[in-house]
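Structure first, commentary second.
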Number of protein chains: 2
Amino acid sequence: MRRPRADSLRNREKLLMAAAAVFRETGGAGTLEAVARRAGVGIGTLYRHFPTREALFEAVYRREIEQLAELSRELSETDDPVAALRRFLHGMVGMVATKKGMIAALAIAIDGTSEIACFSFATLSAAMERLHAPAVASGSMRADVSADDILQTVVGMCLARREEQWEPAVIRLIDVFVDGLKTD
Amino acid sequence: MRRPRADSLRNREKLLMAAAAVFRETGGAGTLEAVARRAGVGIGTLYRHFPTREALFEAVYRREIEQLAELSRELSETDDPVAALRRFLHGMVGMVATKKGMIAALAIAIDGTSEIACFSFATLSAAMERLHAPAVASGSMRADVSADDILQTVVGMCLARREEQWEPAVIRLIDVFVDGLKTD
DNA sequence: TTGAAAGCGGAGGGACCCTCCGTATAATTG
DNA sequence: CAATTATACGGAGGGTCCCTCCGCTTTCAA
């Protein structure tokens with residue numbers, strides 16, 4: 001098993017850079033041809049590296065997803081598990097509001113059916129679980145709502161936004177929701 | 001100002017029937033060419049009647065949206081405003097889960113930018129407001145979350161679903177959310 | 001150095017979108 | 001019941017994007 005050719009790695013990297021730029025500018029709607037052009041490679045090369053649009057997307061935003069996982073790891077060491085969960089959700093919203101690509105990454109994680117979208121979802125799901133399980137175990141959070149339920153709710157709140165300054169509203173909604181999750 | 005030609009009205013109706021069928025079968029992803037073919041008219045005719053895909057969608061699902069508005073009117077005569085709001089949200093989820101087209105109609109109402117999508121959103125927004133205002137006025141619901149916030153949250157919950165049997169989970173989530181909305 | 005494995009590029013076929021305009025038909029008028 | 005005119009019809013065609021396929025090029029192990 002040879003190691004990958006140098007030009008292959010180079011092109012892969014160029015494609016990721018170009019895709020990040022194009023997706024940022026177009027809100028994820030850019031054409032793959034534009035990405036290939038920008039990367040200075042043929043369209044065929046793009047498709048060889050990333051067989052579907054989603055595969056490219058995910059490769060671009062995998063890092064974003066992993067940042068969320070990282071945040072959950074940090075917060076999981078807190079004393080107050082409900083507060084940690086709340087802070088995680090706030091952080092999630094903040095990242096979605098700030099980083100152009102995150103919303104697209106989440107949409108894929110939730111909607112996508114590709115193997116790769118499943119990975120994203122699993123990562124987020126695990127991140128959520130890490131904070132959810134202690135909260136339930138401590139008895140301060142109701143047990144009939146799963147970590148995935150919460151994840152999908154929060155992503156849904158972010159996806160279904162039309163106005164410009166939506167961040168404060170969603171933060172408030174999350175607080176309401178978490179209030180509802182607390183056992184009396 | 002003459003009245004519209006008979007063939008025009010006939011074709012419009014045929015197109016709506018065909019579109020409803022095609023969208024039901026494809027989950028809203030069917031092509032406009034397929035709709036025209038099914039209706040037995042030319043593609044040009046379709047575009048004359050419905051200048052954009054969204055316009056056609058909305059025409060098809062306007063009724064669905066209006067059913068929700070109707071439900072809110074019925075419920076607005078209840079004594080317990082919070083319970084009425086909760087029942088409306090449950091009804092909404094039920095309709096989304098049952099009627100194939102509703103989810104698409106909602107997605108358009110929330111995401112769409114067309115004049116016509118705005119109408120859908122306004123209708124739903126008004127329906128929501130009809131139940132929200134009394135609940136807030138009665139003092140049993142917090143005032144810092146708007147009717148639109150709730151609407152978008154619930155639609156988001158429905159949109160961001162991946163599994164098959166999602167209805168019970170979303171019902172539970174709504175209950176949690178409404179619990180959070182109640183003033184202690 | 002060299003030859004095969006790996007990778008590259010882009011032409012091209014397919015799907016869909018939407019427009020345009022010559023033709024056809026319904027409504028109106030005399 | 002023509003003749004006239006406003007409306008509407010249909011689908012060819014141009015544009016965009018998606019994705020595949022295969023002849024050519026480059027890399028790298030031997």
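Just so we're on the same page: letters track the sequence lines, and every chain starts at 1.
Base contact: Arg48(B) has a heavy atom under 4.0 Å from a base atom.
Residues His132(B) and Ile150(B) approach most closely at CD2-CD1, 3.6 Å, considering heavy atoms.
For Asp7(A), counting side-chain heavy atoms from C-beta on, the closest listed nucleotide (dC17(D), dC8(C), dA8(D)) is dC8(C). Counting only heavy atoms from C-beta on, Leu32(B) has its side chain closest to dC18(C) among dT20(D), dC18(C), dG7(C). In the set dA11(C), dA12(D), dC28(D), dA11(C) carries the atom at the smallest distance from any side-chain atom of Ile43(A). For Thr31(A), taking side-chain heavy atoms from C-beta onward, the closest of the listed nucleotides dC17(D), dC9(D), dT27(D) is dC17(D). In this structure, of dC28(D), dG10(C), dA27(C), it is dA27(C) that holds the atom nearest to the side chain of Ala6(B). The Tyr47(B) side chain lies nearest to dT19(C) when the options are dG9(C), dT27(D), dT19(C). Distances from the side chain of Thr45(B) to the nucleotides dC9(D), dG10(C), dT26(D) place dC9(D) closest.
A residue-by-residue look at Arg12(B) and Glu33(B) shows that Arg12(B) has its nearest nucleotide of DNA chain D further toward the 5' end. Looking at which nucleotide of DNA chain C each of Arg53(B) and Arg10(B) is closest to, the 5′-most match is held by Arg53(B).
Phe23(A) and Phe57(A) have parallel rings, their planes meeting at less than 30° on a 0 to 90° scale where 60° marks the start of perpendicular.
Under 3.5 Å, the side chains of Ser125(B) and Asp148(B) contain a donor-acceptor pair of N or O atoms. Checking Arg130(A) against Ser72(A) by side-chain atom types alone, a donor-acceptor pair falls below 3.5 Å.
Under 4.0 angstrom from either OP1 or OP2 of dC9(D) there lies at least one side-chain N or O belonging to His49(B).
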